[in-house]
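Everything on this sheet refers to the single structure shown next.
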Amino acid sequence: MEAYKNPNMPIEYRVRDLIGRMSLKEKIGQMAMTGKSSLTPTALRDGSVGGINAERGPYDSAPVKDWADKADEWQQAALQSRLGIPLILGVDAIHGHNNAYGTTIFPHNVGLGATRDAELIQRIGAATALEARAGGINYTFAPSVAVVKDVRWNRCYESYSEDPEIVGRMTSIITGLQGIPPAEHSKGHPFVAGRGIEKIEVGADYRVLAALGINAGIDM
């Protein structure tokens with residue numbers, strides 16, 4: 001077994017081993033995240049593409065099952081490449097996995113920021129992660145931590161607040177999306193939860209979280 005495929009080897013060693021085997025073309029391909037519309041299974045296999053922006057999924061208003069089936073198709077094509085590197089599948093899930101039919105859409109960030117409730121935002125992140133992962137997505141283009149100062153910006157609703165302190169508190173969504181690092185995790189190193197790692201308890205009905213966010217904003 002190649003060292004980079006051995007899960008018992010240290011991650012740093014596996015990364016060095018993999019990079020050492022890569023051609024220039026493969027390195028360029030791995031740094032690319034392309035849109036789904038421009039890809040074919042052959043391009044994924046031969047181009048060693050690193051990631052796909054899944055956009056609206058296999059088709060508009062597709063249910064999560066169809067997202068998962070398409071994600072499997074993309075990953076199987078990528079695994080047929082010379083080095084068999086799986087894809088990063090990204091999607092805009094800023095306030096819920098809103099591009100998949102039947103998933104929960106939470107209030108926009110400007111409404112969530114009005115709650116001033118970091119624990120609620122963390123739980124919303126966890127609910128978003130569960131629904132995205134169910135469709136085969138392993139990366140989300142979130143959160144937006146912009147500190148809006150001019151409402152003429154046409155996407156000011158993606159900011160939690162014009163107050164940097166409030167925006168900072170709302171970054172609790174990150175541990176919701178990624179999981180809570182264990183005590184022994186090295187500081188300064190990225191963390192994404194795997195099996196057996198502590199997760200956030202989100203409850204059975206995510207729509208309750210959405211209602212909490214909406215009502216808190218109204219009550220302010």
Side-chain angles (χ1 to χ4, degrees), residues 36 52-68 70-71 88-149 151 153-181 190-193 197-220:
K36 66 180 179 67
I52 296 177
N53 180 350
E55 302 167 13
R56 294 184 177 274
Y59 55 89
D60 284 353
S61 301
V64 171
K65 181 185 182 302
D66 289 358
W67 276 73
K70 190 64 177 180
I88 294 174
L89 292 179
V91 72
D92 279 308
I94 309 298
H95 56 114
H97 185 32
N98 54 289
N99 283 314
Y101 181 78
T103 56
T104 310
I105 302 178
F106 296 99
H108 255 303
N109 288 357
V110 67
L112 296 179
T115 69
R116 311 296 200 265
D117 189 336
E119 191 271 336
L120 170 65
I121 305 308
Q122 186 183 55
R123 291 165 61 203
I124 286 173
T128 300
L130 286 173
E131 294 191 333
R133 286 293 291 166
I137 299 299
N138 52 27
Y139 184 86
T140 175
F141 308 127
S144 169
V145 291
V147 180
V148 66
K149 292 295 185 181
V151 295
W153 178 42
N154 67 336
R155 299 186 75 171
C156 63
Y157 54 84
E158 289 191 350
S159 174
Y160 290 109
S161 174
E162 65 179 0
D163 185 338
E165 181 181 349
I166 294 171
V167 173
R169 293 210 306 268
M170 298 300 100
T171 59
S172 60
I173 195 172
I174 295 172
T175 50
L177 290 167
Q178 295 185 175
I180 299 175
F191 172 79
V192 179
I197 303 298
E198 182 181 359
K199 298 292 200 302
I200 310 298
E201 180 60 47
V202 298
D205 190 351
Y206 306 149
R207 289 162 183 79
V208 173
L209 301 180
L212 287 172
I214 294 169
N215 292 337
I218 292 172
D219 293 341
M220 288 301 294

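Note: hydrogens, waters and symmetry copies are ignored here, and every other heavy atom, side chains too, is used.
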Q: May I ask you to test the L112-M170 pair for a side-chain heavy-atom distance under 4.5 Å?
A: no
Q | Exceeds 12 heavy-atom contacts within 6.0 angstrom, atom OH of Y101 | A | no
Q: Measure the CD1-CD1 distance between I180 and I174 for me, rounded to the nearest 0.5 Å.
A: 13.0 Å
Q.
A side-chain contact here means heavy atoms from C-beta on lying under 4.5 Å apart; do R133 and N138 qualify?
A. yes
**Q.** Other residues, nucleotides, ligands: >12 heavy atoms within 6.0 Å of R169 CZ
**A.** yes
Q: Say whether, by atom type as modelled, one donor and one acceptor occur between the side chain of N109 and the main chain of Y160 under 3.5 angstrom.
A: no
Q | Spatial distance of atom CZ (R56) from atom CG (N98) [nearest 0.5 Å] | A | 8.0 Å
Q. So how far is it from I137 CD1 to T128 OG1, rounded to the nearest 0.5 Å?
A. 13.0 Å
Q. What are the two closest heavy atoms between A93 and A142, and how far apart are they?
A. O-CB, 3.8 Å
Q) Which value, rounded to the nearest 0.5 Å, describes the distance between T171 atom OG1 and I121 atom CD1? A) 10.5 Å
Q) Between S144 (side chain) and E158 (backbone), is there a donor-acceptor pair under 3.5 Å? A) yes
Q. What closest approach, in Å, do G176 and A129 show between heavy atoms, and which atom pair accounts for it?
A. O-CB, 4.2 Å
Q. Has the side chain of K36 got a donor or acceptor atom that lies under 3.5 Å from a matching backbone atom of P58?
A. no
Q) Which heavy atom in S172 sits nearest to a heavy atom in A118, and how many Å separate them? A) OG-O, 2.6 Å
**Q.** Shortest non-hydrogen separation from V64 to A100 and the atoms involved
**A.** CG2-CB, 4.1 Å
Q. Taking S159 for the side chain and C156 for the main chain, is one N or O donor matched with an acceptor at less than 3.5 Å?
A. no
Q. Would the number of heavy atoms belonging to other residues, nucleotides or ligands and lying under 6.0 Å from CD of E162 be above 12?
A. no
Q.
Donor-acceptor check, side chain of T103 to backbone of E131, threshold 3.5 angstrom: yes or no?
A. no
Q.
Ignoring hydrogens, what is the shortest heavy-atom contact between G125 and I173? Give both atom names and the distance.
A. CA-CG1, 3.5 Å
Q) Where is the tightest heavy-atom contact between A127 and F106, given as atom of each residue plus distance? A) CB-CZ, 3.9 Å
Q. Rounded to the nearest 0.5 Å, what separation is found between the CD atom of E119 and the CD1 atom of I124?
A. 9.5 Å
(Q) How long is the straight-line distance from CG of L89 back to NZ of K70, given to the nearest 0.5 Å? (A) 11.5 Å
(Q) Any side-chain to backbone donor/acceptor pair from W67 onto A62? Under 3.5 Å, distance only. (A) yes
Q. Are the side chains of R116 and I166 in touch, meaning some heavy atoms are under 4.5 Å apart?
A. yes
